[in-house]
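Hydrogens, waters and symmetry mates are skipped; everything else that's a heavy atom, side chains included, is used. Each chain gets a letter, A, B and so on, in the order the sequences are listed, and its residues count up from 1. Everything quoted here is computed from the prediction, not taken from an experiment.
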Protein chains: 2
Amino acid sequence: MAETVYRKSKQRQYILEYLRDTDSHPTAQMIYDGIRDEFPNLSLGTVYRNLNILVDQGQVNRLQYGSTFDRYDADTYEHYHFICTQCGKVFDLPLEPKENLEAAAEKVSGHRVHGHKIDFFGICESCGRQNENNAAS
Amino acid sequence: MAETVYRKSKQRQYILEYLRDTDSHPTAQMIYDGIRDEFPNLSLGTVYRNLNILVDQGQVNRLQYGSTFDRYDADTYEHYHFICTQCGKVFDLPLEPKENLEAAAEKVSGHRVHGHKIDFFGICESCGRQNENNAAS
DNA sequence: CTGGGTGCAAAATCTTTGCAGATCC
DNA sequence: GGATCTGCAAAGATTTTGCACCCAG
């Protein structure tokens with residue numbers, strides 16, 4: 001999926017348009033239902049395939065990072081996480097909680113904000129070192 | 001699951017201990033593998049059941065909010081999200097990106113930070129209004 | 001033509017649930 | 001004793017994949 005040259009497809013284009021026209025952050029199933037009348041023979045598999053391609057192209061964001069399954073944490077104090085996009089490891093970040101963000105969010109949104117979480121992502125130290133070694137050889 | 005009085009169980013206690021003793025933010029499967037030698041007959045279902053109870057009790061956090069399936073977003077500019085914990089809707093927040101957070105995260109962690117996301121959660125306007133109406137009646 | 005794209009269905013992955021027996025209070 | 005908990009297995013829910021045919025370049 002890295003070296004592939006993508007062609008055009010009506011389905012993929014329409015999925016992208018649909019996503020651009022909505023602000024409901026739909027799930028794959030919702031997209032499928034939403035464009036079913038345009039493509040009566042559409043299959044859910046095609047929607048998933050195209051979403052992955054669009055995410056790969058950077059035209060669409062998946063609202064979730066890291067692996068597909070849940071992770072658990074027994075630290076109940078507030079803290080943030082760093083997720084390595086290469087190895088998938090999750091690290092705690094000893095950054096003090098930004099309470100003022102919640103006030104700001106509440107102001108611009110009009111919703112009642114009870115909490116927040118921040119995930120940072122990038123390449124962790126150990127993956128970074130490995131990459132350097134590989135590049136050097 | 002709201003009115004239930006929980007009893008003690010060795011399995012649940014051990015799962016909690018295991019989570020407190022690690023900082024690897026394990027998945028259910030990892031926990032299962034990790035305590036298998038202590039409970040040879042343990043089943044994955046029990047791990048999931050107990051994780052849900054521990055999360056319900058607030059002793060453990062699930063590193064993910066909202067629904068279980070992915071949501072997609074065609075806005076490629078940086079923005080944050082507000083997730084209503086009652087109806088599950090996802091809203092965009094017009095808060096300017098906090099670039100300085102990434103620098104701070106990089107400093108305390110030693111990892112290469114390439115991005116971040118912030119999810120706020122709480123009760124959205126429309127759910128809030130509904131709740132008031134229900135309370136008033 | 002050739003390789004990517006599609007629909008369909010089967011498979012894979014992750015999580016929940018029904019049931020019968022064990023356990024806690 | 002009765003509700004909760006467990007193991008096991010089956011079912012659910014979400015996502016991916018294999019295959020044969022179709023379509024873009």
Side-chain angles (χ1 to χ4, degrees), chain A residues 1-19 25-57 59-73 83 88 90, chain B residues 1-19 24-57 59-73 88 90:
Chain A
M1 196 135 145
E3 324 262 340
T4 319
V5 175
Y6 296 117
R7 295 185 184 157
K8 265 185 212 164
S9 98
K10 305 207 162 158
Q11 286 88 336
R12 184 151 66 244
Q13 247 167 287
Y14 202 81
I15 289 174
L16 184 54
E17 272 180 47
Y18 182 85
L19 270 171
H25 306 79
T27 63
Q29 180 71 54
M30 288 166 168
I31 296 168
Y32 175 69
D33 293 338
I35 67 185
R36 202 70 199 287
D37 33 326
E38 199 71 14
F39 300 93
N41 294 324
L42 186 70
S43 84
L44 236 197
T46 297
V47 174
Y48 276 109
R49 253 185 308 230
N50 279 317
L51 284 171
N52 282 335
I53 291 175
L54 289 169
V55 169
D56 189 48
Q57 294 177 328
Q59 306 203 266
V60 160
N61 288 134
R62 202 193 309 275
L63 302 189
Q64 189 186 114
Y65 301 102
S67 58
T68 75
F69 31 73
D70 289 351
R71 285 169 165 268
Y72 298 87
D73 186 342
I83 299 149
V90 182
Chain B
M1 195 134 142
E3 324 262 341
T4 319
V5 175
Y6 297 117
R7 294 183 183 158
K8 265 186 213 164
S9 98
K10 304 208 163 159
Q11 287 87 338
R12 183 151 67 242
Q13 246 168 287
Y14 202 82
I15 289 174
L16 183 55
E17 271 180 47
Y18 182 85
L19 271 171
S24 67
H25 306 80
T27 63
Q29 180 70 53
M30 288 166 168
I31 297 168
Y32 174 69
D33 293 340
I35 67 185
R36 202 72 199 287
D37 33 325
E38 199 70 16
F39 299 94
N41 294 322
L42 186 69
S43 85
L44 236 197
T46 296
V47 174
Y48 275 108
R49 255 185 307 230
N50 280 318
L51 283 171
N52 282 336
I53 291 175
L54 289 169
V55 168
D56 189 48
Q57 294 177 328
Q59 306 203 264
V60 160
N61 287 133
R62 202 193 309 274
L63 302 189
Q64 190 186 112
Y65 301 103
S67 57
T68 75
F69 31 72
D70 290 351
R71 285 169 166 268
Y72 297 88
D73 186 341
V90 181

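- The distance between atom CZ of A/Arg62 and atom C1' of D/dT14, rounded to the nearest whole Å, is 12 Å.
- Residues meeting the side chain to side chain contact (heavy atoms under 4.5 Å, CB included) test with B/Gln57, sequence neighbours left out: B/Tyr6, B/Ile53, B/Leu54, B/Gln59.
- Looking at B/Arg12, its side chain does come within 3.5 Å of a backbone N or O of B/Arg7 through a donor-acceptor pair.
- Closest heavy-atom contact between B/Leu51 and B/Ala28: CD1-CB, 3.8 Å.
- A distance-only check finds a donor-acceptor pair linking the side chain of B/Asn50 to the backbone of B/Thr46 [under 3.5 Å].
- Taking the side chain to side chain contact (heavy atoms under 4.5 Å, CB included) definition, one finds that A/Glu38 meets it with A/Tyr14, sequence neighbours left out.
- As a whole-Å value, the separation of A/Leu54 CG from D/dT15 C1' is 16 Å.
- For A/Asp56 and D/dT16, the CG to P distance is 12 Å, given to the nearest whole Å.
- Residues meeting the ring pair (Phe, Tyr, Trp, His ring centres under 6.0 Å) test with A/Tyr18, sequence neighbours left out: none.
- What separates OH of B/Tyr14 from C1' of D/dT6 is a distance of 18 Å, to the nearest Å.
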### Query
Which parts of nucleotides 5-12 of chain C does protein reach within less than 4.0 Å, heavy atoms only, written one letter per nucleotide 5' to 3' as B for base, S for sugar-phosphate only and - for none?
SBBB----

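- Put simply, OH on A/Tyr32 is 16 Å from P on D/dT16, counting in whole angstrom units.
- Close to C/dT15, at under 4.0 Å from its OP1 or OP2, lies no side-chain N or O of B/Asn52.
- Overall, the helix from C/dC1-D/dG25 to C/dC25-D/dG1 carries an axis bend of 40° between its ends, with five pairs at each end and the value rounded to 10°.
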### Task
Could you check A/Asp33 against A/Met30 for side-chain contact (heavy atoms from CB on, under 4.5 Å), going step by step and ending with a plain yes or no?
CA-CA 5 Å; A/Asp33 293 338; A/Met30 288 166 168; 5.6 Å; no

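- A pairwise comparison of heavy atoms in B/Ile15 and B/Val47 identifies CD1-CA, 4.0 Å as the closest pair.
- With sequence neighbours left out, B/Ser24 forms a side chain to side chain contact (heavy atoms under 4.5 Å, CB included) with B/Thr22, B/Pro26.
- A sub-4.0 Å separation between OP1 or OP2 of D/dT16 and a side-chain N or O of A/Tyr48 is absent.
- A straight line from CG of B/Leu16 to P of D/dC5 spans 14 Å, rounded to a whole angstrom.
- Nucleotide D/dT14 holds its P atom 10 Å from the CG atom of A/Leu44, rounded to whole Å.
- Distance, A/Gln29 CD to D/dT16 C1': 15 Å, rounded to whole Å.
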